Protein chains: 2
Amino acid sequence: MSTTGSNTGGTPGNTTGSTARGAEETRRALLAAAGELFTSAGYDRTSVRAIAERAGVNQSLLFRYFGNKEALFAQVVAAQGLDVLHGGPPEELLERTLRSILHRDGEATGGLFDSALRSAASSEAVDAVRDELGSAYGAAFADLTGEAGGGGEDAALRAELLLGWLLGINLLRNVFRSEAVRSADPDVVVGHVSRAAGALLGAVDSDLCDS
Amino acid sequence: MSTTGSNTGGTPGNTTGSTARGAEETRRALLAAAGELFTSAGYDRTSVRAIAERAGVNQSLLFRYFGNKEALFAQVVAAQGLDVLHGGPPEELLERTLRSILHRDGEATGGLFDSALRSAASSEAVDAVRDELGSAYGAAFADLTGEAGGGGEDAALRAELLLGWLLGINLLRNVFRSEAVRSADPDVVVGHVSRAAGALLGAVDSDLCDS
DNA sequence: GTCGCGGGTAAGCGATTGCTTACCGTGAGG
DNA sequence: CCTCACGGTAAGCAATCGCTTACCCGCGAC
């Protein structure tokens, strides 16, 4: 689409000048803006007007390209789930996740975890969140269970218990800002969590006996 | 306050008949209704109108007796925190909490944990939640840490890590309704959690070395 | 009788929200 | 020229929300 011609900015329906950029770019901007806001404010406290403003477009485009707010949310958390999967090798996911939780500074917000925690009360959001958490973390954590990893008895259950723990740690440290875990040395936290995770997953019993 | 006289129900300002019952009873009804709704729907998705209707009074009474929604929420979670403290001896708190999470049926909701989880995105609610969680669980869990309990190194941190875990388990099982933990035998879950909690709290190291 | 107190109600305000509708400009094709 | 498709905007609808205001009634004291 050509953008030749003078900028008549402000005219209703105006697509000349800097506001017209193509459906893909607009869609991308909306997804990015929504991702940031759903993560920091959650589903209910993120309005479609705020998303559109942040993306630099009119809010009706959100409905044109995504159908409704709920569908946009689902696409945001799906993208956040892919970010988890593409963030590194599965066997490092536990440590990577834990460190990203513990090295969060100030008002910074994360991805899928924060969207999930801040949207827990939103019935429209819950299914997408549960499914993405499962896709992003389920298999990788299940593979950590058993004597030598690779899956063991109750693998899925133990994977979920581990996931719940990480969500809870993130909740207390970065959402509720609870004092002890917030002020603790991250390495100390990693030490305690790793030890207990070992007991939960059954992967490092021999190391535990050395302690 | 006497309720003699005919019931002229429906008249603005009418206090005859069954609607006038005394400040304490009204306050109590509002607290109970708010407790149920904040627990099942969270702060943002609970309207003052819904609370008042559930309590059987006009919504302006909520503002008369509690000042505003935020203050009412703080009183609700304070009461829920007391419920935790009065629910039994501190040394049984871990198991009691875990079982109440795991034996939750259908749409039933709990107390402080559910209010907390479903209000995480509400800035007005977060401070009250954090403080009540700390009061209700902090000391009891800290006393479980160390070789023989009674507190140990990093007691407060480990207590919080344990609290985070329980919150996370409740979140996945009862809010997100994640499949594995939801369908698991509660005793199996208790087994895994107790083993790992033992490693976290340092209470049963010798047992772990036997495995 | 009046007045004040306390408990109660309905109505309404200003703001916000997800979503819809009407309209515009541009470029391509007939 | 016209029409259509596409990407874009502003305005507005109906509903909801926390909170406020105006009013009522019963009762006891004076």
Side-chain angles (χ1 to χ4, degrees), chain A residues 1-30 34 37-38 41-53 55-73 121-125, chain B residues 1-30 34 37-38 41-53 55-73 121-125:
Chain A
M1 181 177 70
S2 166
T3 56
T4 59
S6 61
N7 185 346
T8 58
T11 307
N14 175 33
T15 59
T16 59
S18 62
T19 60
R21 51 192 168 179
E24 269 313 303
E25 176 62 16
T26 297
R27 196 179 273 116
R28 200 199 55 74
L30 284 166
L37 290 171
F38 286 140
Y43 186 88
D44 284 340
R45 291 210 168 187
T46 296
S47 70
V48 293
R49 282 173 176 82
I51 295 170
E53 181 178 351
V57 301
N58 185 276
Q59 69 171 335
S60 68
L61 292 187
L62 186 152
F63 296 94
R64 173 174 293 175
Y65 292 126
F66 296 97
N68 56 37
K69 186 183 178 183
E70 181 177 344
L72 174 60
F73 182 84
S122 314
S123 50
E124 307 94 303
Chain B
M1 182 177 70
S2 163
T3 57
T4 57
S6 63
N7 185 345
T8 60
T11 308
N14 175 33
T15 59
T16 59
S18 63
T19 60
R21 50 192 169 182
E24 270 312 306
E25 176 61 18
T26 297
R27 197 179 272 118
R28 200 199 56 75
L30 284 167
L37 290 171
F38 285 140
Y43 186 87
D44 283 342
R45 291 210 166 186
T46 295
S47 69
V48 294
R49 283 172 175 82
I51 294 170
E53 181 178 351
V57 300
N58 186 277
Q59 69 171 337
S60 70
L61 292 186
L62 184 153
F63 295 95
R64 172 175 293 176
Y65 291 125
F66 297 97
N68 57 34
K69 186 183 179 184
E70 181 176 344
L72 174 59
F73 182 82
S122 315
S123 50
E124 305 94 303

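Throughout, a chain's letter reflects where its sequence line sits, starting with A, and its residues are numbered from 1. Please read all numbers here as calculations on a predicted model, not as lab measurements.
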Check whether more than 12 heavy atoms from other residues, nucleotides or ligands sit under 6.0 Å from atom CD of Glu53(A), and answer yes or no.
-> no
Provide, to the nearest angstrom, the distance between the CG atom belonging to Leu37(A) and the C1' atom belonging to dT17(C).
-> 15 Å
Identify the heavy atoms of Ala121(A) and Arg45(B) that sit nearest to each other, and give their distance.
-> O-CD, 3.6 Å
Rounded to the nearest Å, what distance is computed from the CD atom of residue Glu24(A) to the C1' atom of nucleotide dG8(D)?
-> 16 Å
Leu62(A)/Val57(A) under side-chain contact (heavy atoms from CB on, under 4.5 Å): CA gap, chis, key distance, verdict = CA-CA 9 Å; Leu62(A) 186 152; Val57(A) 301; over 6 Å; no
Base, sugar-phosphate alone, or nothing: which one does Tyr65(B) contact when heavy atoms must sit under 4.0 Å apart?
-> sugar-phosphate
Hey, is the side chain of Thr26(A) poking within less than 4.0 Å of OP1 or OP2 on dG7(D), counting only N and O atoms?
-> no
Shortest non-hydrogen contact from Phe66(A) toward Ala71(A) | O-CB, 3.3 Å
Provide, to the nearest angstrom, the distance between the CG atom belonging to Leu61(A) and the C1' atom belonging to dA10(D).
-> 12 Å
Pairs under 3.5 angstrom, nitrogen or oxygen only, protein versus nucleotides 17-21 of chain D, please.
{"from": "dG18(D)", "atom 1": "OP1", "to": "Thr46(B)", "atom 2": "O", "distance (Å)": "3.4"}
{"from": "dG18(D)", "atom 1": "OP1", "to": "Lys69(B)", "atom 2": "NZ", "distance (Å)": "2.6"}
{"from": "dG18(D)", "atom 1": "OP2", "to": "Val48(B)", "atom 2": "N", "distance (Å)": "2.9"}
{"from": "dG18(D)", "atom 1": "N7", "to": "Arg49(B)", "atom 2": "NH1", "distance (Å)": "2.9"}
{"from": "dG18(D)", "atom 1": "O6", "to": "Arg49(B)", "atom 2": "NH2", "distance (Å)": "2.9"}
{"from": "dC19(D)", "atom 1": "OP2", "to": "Lys69(B)", "atom 2": "N", "distance (Å)": "3.1"}
{"from": "dC19(D)", "atom 1": "N4", "to": "Gln59(B)", "atom 2": "OE1", "distance (Å)": "3.2"}
{"from": "dC19(D)", "atom 1": "N4", "to": "Gln59(B)", "atom 2": "NE2", "distance (Å)": "2.5"}

Global bending angle along the helix from dG1(C)-dC30(D) to dG30(C)-dC1(D), which compares the axes of five pairs at either end, to 10 degrees = 40°
Keeping the roles fixed (side chain from Thr46(B), backbone from Ala41(B)), state whether a donor-acceptor pair exists under 3.5 Å.
-> no
Output for pair (Lys69(A) NZ, Tyr43(A) OH), nearest 0.5 Å, gives 5.0 Å
Side chains of Leu72(A) and Phe38(A) in contact at under 4.5 Å (non-hydrogen atoms) | yes
Taken to the nearest whole Å, CZ/Arg64(A) to P/dA22(C) is 14 Å
Judged by atom type as modelled, is there a donor-acceptor pair below 3.5 Å linking the side chain of Ser122(A) to the main-chain atoms of Ala125(A)?
-> no
